[in-house]
Amino acid sequence: MWNEIRSEQDIRDFMDKVYALHDSCIKEMHYVSGASVDADLRMYPLNDRRVLNVIIQRQFEDVSMIEMEFAGLKYLNLSPMDEQYTCEIFGSTLLIKDRDIYWCDGQNVSEDDIEDYDGTIICAARLRWRAIDGHMGDGEFYKSVYLE
């Protein structure tokens, strides 16, 4: 079941439920732009979908895996740590600014500083989330037929 984030109260409820994503990590992402080229090489050049799905896994028994779906993606700044560093999320920030929703992998980032944050940050028109059961571990959630 999807849960919409539309208000400050929705943000508080979500962040309380998942402890601001403390002790979690971004496991994987999947993006659909809407643009494509068909078999006859005709291009549909509009990014009219712009949906980013993010899988977060947590070290908590309750809601261990979360899928966040950002629709109307405005931007994504992905700053993954290399293998010499750990990538735990110790707390995250979720806020609404100018009718857009922002999520970043750092805690206590203010509305004034959110656009200058240098870690992973997502800005979109809408956000919804859901708990995912039975998919913990390193197996891919978004499977490609070409990877098998």
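Numbers for residues simply follow the sequence, beginning at 1. These values consider heavy atoms only, across backbone and side chains, with no hydrogens, waters or symmetry-generated copies.
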Atom of Arg130, atom of Trp2 and distance for their closest heavy-atom approach: NE-CZ2, 3.3 Å
message: For Asp48 and Tyr44, which I'm curious about, is there any donor-acceptor pair between the side chains at under 3.5 Å?
response: yes
message: For a quick test of reading the model, state the closest non-hydrogen atom pair linking Met65 to Gln57 and the distance between them.
response: SD-NE2, 3.6 Å
query: Of all heavy-atom pairs between Val109 and Cys104, which one has the smallest distance, and what is that distance?
result: CG2-SG, 3.6 Å
task: To the nearest 0.5 angstrom, please state how far the CG atom of Leu46 sits from the OG atom of Ser36.
output: 10.0 Å
- request: Take Ile56 and Ile26, measure what side-chain contact (heavy atoms from CB on, under 4.5 Å) needs, and give me the verdict at the end.
  value: CA-CA 5 Å; Ile56 303 279; Ile26 296 173; 3.7 Å; yes
- prompt: Heavy-atom distance under 4.5 Å between the side chains of Thr93 and Trp103, does that happen here?
  reply: no
- prompt: Are Leu94 and Met68 connected, step by step, through hydrophobic side chains (Ile, Leu, Val, Met, Phe, Trp, Tyr) whose heavy atoms are closer than 4.5 Å?
  reply: yes
- prompt: Considering all heavy atoms of both residues, which atom of Val63 and which atom of Arg58 are nearest to each other, and what is their separation?
  reply: O-NH1, 2.6 Å
query: Are Met15 and Ile96 linked, directly or through other ILVMFWY residues, by side chains that come within less than 4.5 angstrom of each other?
result: yes
query: Roughly how far apart are Leu95 CG and Glu8 CD, rounded to 0.5 Å?
result: 7.5 Å
query: Which class fits the ring pair Phe60 and His22: parallel under 30°, tilted 30 to 60°, perpendicular over 60°?
result: perpendicular
task: Would you check if the side chain of Asn47 reaches a backbone N or O of Gly34 as a donor-acceptor pair within less than 3.5 Å?
output: no
- prompt: Side-chain contact, heavy-atom cut-off 4.5 Å: Glu88 with Gln59?
  reply: no
- prompt: Should Ile121 and Tyr102 count as side-chain neighbours, where that means a heavy-atom distance under 4.5 Å?
  reply: yes
- line: Shortest non-hydrogen pair, Glu4 vs Arg128, comes out as OE2-CD, 3.7 Å
- prompt: Could you state the interatomic distance from CD (Glu111) to CG (Asp98), rounded to the nearest 0.5 Å?
  reply: 7.0 Å
Minimum-distance pair of heavy atoms, taken over all atoms of Asp62 and Lys17: OD2-NZ, 4.3 Å
message: Tell me whether Tyr117 at atom OH has more than 12 heavy atoms from other residues, nucleotides or ligands lying less than 6.0 Å away.
response: yes
query: Is there a side-chain contact between Glu67 and Tyr142, using heavy atoms and a 4.5 Å cut-off?
result: yes
field: Sub-4.5 Å side-chain heavy-atom contact between Ile122 and Leu127
entry: no
statement: One should read off an interatomic distance between Phe141 CZ and Met136 CE, to the nearest 0.5 angstrom, of 12.5 Å
task: Measure the spacing between CE of Met29 and CG of Leu78 and express it to the nearest 0.5 Å.
output: 5.0 Å
query: Within a reach of under 6.0 Å around CG of Asp16, are more than 12 heavy atoms found that belong to other residues, nucleotides or ligands?
result: yes
message: Return the NZ to SG distance between Lys97 and Cys123, rounded to the nearest 0.5 Å.
response: 9.0 Å
- prompt: Is there a path from Ile55 to Leu73 through hydrophobic residues (I, L, V, M, F, W, Y) whose side chains come within less than 4.5 Å of each other?
  reply: no
query: Is Ile114 linked to Tyr75 within one hydrophobic cluster, defined over Ile, Leu, Val, Met, Phe, Trp and Tyr using a side-chain heavy-atom separation of less than 4.5 Å?
result: yes
query: Between the side chain of Asp38 and the main-chain N/O of Asp40, is any donor-acceptor distance below 3.5 Å?
result: yes
- prompt: Do the non-hydrogen side-chain atoms of Ser92 and Asp105 ever get within less than 4.5 Å of each other?
  reply: no
query: When clusters are formed by joining ILVMFWY residues with side-chain heavy atoms under 4.5 Å apart, either directly or through shared neighbours, do Phe70 and Val51 land in the same one?
result: no
- prompt: Just by distance, do the side chain of Asp116 and the backbone of Asp113 share a donor-acceptor pair under 3.5 Å?
  reply: no
